Amino acid sequence: MIRIHNSMGGAKEALQPLEPGRVGIYVCGDTVYDLAHMGHARSKIVFDVVRRYLMHSGYEVNFVRNITDIDDKIIRRAAEQQHPIKDFTEHYIAEMHRDYDALGILRPDHEPRATDYVQGMIDLTADLIAKGYAYVATNGDVMYGVAGFAAYGQLSGRRLADLRAGARVEIDEAKRDPLDFVLWKHSKPGEPAWPSPWGFGRPGWHIECSVMAEEFLGTRFDIHGGGLDLKFPHHENEIAQSCAASGDTFARLWMHNGFLTIDDEKMSKSLGNFFTVREALQVVRDPEVIRYFVLSSHYRGPINYSLEQLDQADAALTGIYTALRGRHSDERARASEYTRAFTAAMDDDFNTPLALAELKSLARALNFAHANGREEEAASLAAELRTLGGILGFLGVDAEAWLQKSKPAQALAAGSTATADAEIDELIARRLEARKRKDFGAADRIRDELAQAGVILEDVPGGATTWRRK
RNA sequence: GGCUAGGUGGCAGAAUGGUCAUGCAGCGGCCUGCAAAGCCGUCUAUGCCGGUUCGAUUCCGACCCUAGCCUCCA
């Protein structure tokens, strides 16, 4: 039984899909006008794990994540760089896929782009006008009138009066209410535009998700997710549009991931305090380190990005890989108490920090069994560890290979790793000779030399020497 | 100002009406030529003040502090 915290109402609820055994999820994707930053990555990783875990739990998951490929920022950036909009967005969509693929995020089952669904947005807008929820403003934009939708504010727990009182929005003469939002924006000369009953223009942001979600999941579906910053007004507006038009319930469960922070401040483009996924990939041994870092705190809470945090994630994950050294992945796993604890943690609103703690405990049990010569038990625990790690998208790397990996940024600074690897083997061979001669002084000098380069030697029983990078 | 989260050991981070996970760091031991890795053991915490209770870190109230939303934002 999987329980999920529903942002609508704020309580944990049992997941009861509309259709038994099948779950439909819509997650708000990125606006493609720049490289993805770590805040975007967090959201992607969180919902990737939600999806993977549901699949693991036996659900057939229909996972939809949109791409916003038309909006003011895109138009401005493309114009600045003197690229046609389409080329510009195609470029950043490709870059986005490159980053998310590197992070091991599964591609969505459907990844609709807003510009392919403009007709649907026109239709929905017309429907909202016909039903009295929207109006054509004096400036030619089509606006949604929030006062007409009684449940407005339900998701974010706000009352219209409170919102108006604290409104920082400029008073727009065209709006009947300062909180009204644009469904259809009339275009200025030179801007991308689609013909509509209200003249040439482009869709507003919120209407995109309403249309694309309905297109793939219907007017009622199981889970809608996204970053906490989308809760208001984006998701609130989606609800207002979709529910007003269809009379249906739209998403039954809302999930919002917390922010990624830098020095405890939200990472965002506007603050300029962001690190791109690409930058982060340069400073980790393997993308799994980033995944581990993200999952090491609960998805609803904040998580602070720093090199120290990434190092901690690396240390934890390296510890798990160390336990898996010399273990083959073809051994059969027997579900033990660790699997039960892991499952209980994940079932309880995807408590990944607790689930990871179980992985670490499992690794220790594995080491303990090995230290006591119980190899059969160790093998079984290793297989179990791989299985559980795999559910979260981990442990896809060969253990020895993992330990010898270097951080791209460091490798770049130190020169080619291929050369370095050959040198390491050479030095290890020479040290072995010295040790045979009992010339420990010479042997230790070699070991120190390698340690200087971040390479740690380990003499394993039987006379062999393995190495790993710090 | 309104609203929403949250304040746990040196760091990160779960959980919980009574013995407070897990990892890193520290300390002691085993192992090792010495190390490393691993194993065993071990130290350190629940913002502040009241209340409820046999007992609160956990429930309630006030206060302080932090972050976020109220404008585009994962």
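Order of the sequence lines fixes the chain letters, A, B, ..., with proteins taken first and strands second; residue numbering starts at 1 for each chain. Treat the numbers as computed from the prediction; the structure is a model and nothing was measured.
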Check: B:G68 base within 3.5 Å donor-acceptor of A:D229 side chain: no
Ring-face cation contact, A:F63 with A:R51, 6.0 Å cut, 45° max: yes
Presence of donor-acceptor pair under 3.5 Å, side chain of A:K266 and base of B:C73: yes
Inter-nucleotide P distance (B:A62, B:A5), Å rounded: 14 Å
Watson-Crick/G-U partner (both atom distances under 3.5 Å) of B:G18: B:C54
Base partner of B:U32, which must satisfy Watson-Crick or wobble distances under 3.5 Å: none
Aromatic ring pairing A:H256/A:H235, orientation class (parallel under 30°, perpendicular over 60°, tilted between): tilted
Ring-base stacking, A:F440 with B:G33 (5.5 Å, 30° cut-offs): yes
Who pairs with B:G1 - Watson-Crick or G-U, where each distance is under 3.5 Å: B:C70
Sugar-phosphate only, base, or nothing, as touched by A:L260 at under 4.0 Å among non-hydrogen atoms: base
Sugar-phosphate, base or nothing in reach of A:G258, heavy atoms under 4.0 Å: base
Atom-to-atom span, NE2 of A:H298 to P of B:A5 - whole angstrom: 14 Å
B:U44 and B:C20, which share atom name P, separated by this distance in whole Å: 11 Å
Side-chain donor/acceptor contact of A:R447 with base of B:A35 under 3.5 Å: yes
B:A12 and B:U52, which share atom name P, separated by this distance in whole Å: 35 Å
RNA chain B: 5'-proximal contact among A:A371 and A:G157 (nearest heavy atom): A:G157
B:C34 base / A:D459 side chain donor-acceptor hit below 3.5 Å: yes
Sugar-phosphate, base or nothing in reach of A:G39, heavy atoms under 4.0 Å: base
Same-atom distance (P) from B:A14 to B:G6, integer angstrom: 11 Å
Nearest-angstrom distance, C1' atom, B:U19 to B:A56: 15 Å
A:R468 side chain near B:A37 phosphate (N/O to OP1/OP2, under 4.0 Å): yes
B:C39 phosphate, OP1 or OP2, under 4.0 Å from A:N372 side-chain N/O: no
Distance between C1' atoms of B:U46 and B:G13 (Å, rounded): 13 Å
For A:D314, the option from A:R285, A:Q309, A:K407 that meets side-chain hydrogen bond (donor to acceptor under 3.5 Å, both in side chains): A:R285
Pairwise P distance, B:U16 and B:U53 [rounded to whole Å]: 24 Å
Sugar-phosphate, base or nothing in reach of A:F232, heavy atoms under 4.0 Å: sugar-phosphate
Side chain proximity check, A:M143 to A:L183, heavy atoms < 4.5 angstrom: no
Touch class at under 4.0 angstrom, heavy-atom based, for A:H256 against every strand present: nothing
Spacing of A:N257 atom CG relative to B:G68 atom C1', expressed in whole Å: 13 Å
Salt-bridge criterion met for A:R445 and A:D448 (N-O under 4.0 Å): no
Nearest-Å distance once atom P is located in both B:G47 and B:C59: 12 Å
Touch class at under 4.0 angstrom, heavy-atom based, for A:N367 against every strand present: sugar-phosphate
Ring geometry between A:Y305 and A:F293 (parallel below 30°, tilted from 30 to 60°, perpendicular above 60°): perpendicular
Plane angle bin for A:H224 and A:Y26 - parallel if under 30°, tilted between 30 and 60°, otherwise perpendicular: tilted
A:D69 versus A:Y92, side-chain donor and acceptor atoms under 3.5 Å: no
d(CD1, A:I303; C1', B:A14) in whole Å: 13 Å
Nearest-angstrom distance from the residue atom CD1 of A:I74 to P of B:C72: 16 Å
Spacing between A:R300 atom CZ and B:A15 atom P, to the nearest angstrom: 9 Å
A:K405 NZ/CZ over A:Y321 ring centroid, <6.0 Å and within 45° of normal: no
A:F232 six-ring face occupied by A:R158 cation (under 6.0 Å, within 45°): yes
Sugar-phosphate only, base, or nothing, as touched by A:L230 at under 4.0 Å among non-hydrogen atoms: sugar-phosphate
Touch class at under 4.0 angstrom, heavy-atom based, for A:F368 against every strand present: sugar-phosphate
Enumerate all atom pairs, one protein N or O and one N or O from nucleotides 21-26 of chain B, separated by less than 3.5 Å.
unit_1, atom_1, unit_2, atom_2, d
B:U22, O2', A:K360, NZ, 3.3
B:G23, O4', A:K360, NZ, 3.3
B:G23, N2, A:Q312, OE1, 2.6
B:G23, N2, A:Q312, NE2, 3.4

Length of the CD-C1' vector between A:E375 and B:G38, whole Å: 12 Å
Sugar-phosphate, base or nothing in reach of A:M38, heavy atoms under 4.0 Å: nothing
A:H40 side-chain proximity, nearest of B:A37, B:A74, B:C69: B:A74
Donor/acceptor link under 3.5 angstrom from A:R159 side chain onto base of B:C3: no
Sugar-phosphate only, base, or nothing, as touched by A:R76 at under 4.0 Å among non-hydrogen atoms: nothing
Contact under 4.0 Å: A:N351 side-chain N or O vs B:A14 OP1/OP2: no
G-U wobble or Watson-Crick pairing nucleotide for B:C63 (cut-off 3.5 Å, both distances): B:G47
Presence of A:W205 side-chain N/O under 4.0 Å of B:C73 phosphate oxygens OP1/OP2: yes
Nearest-Å distance for atom pair CZ/P, residues A:F350 and B:A14: 16 Å
Side chain A:E111, main chain A:I67, donor-acceptor under 3.5 Å: no
Integer-rounded Å distance: B:A15 P and A:M346 CE: 13 Å
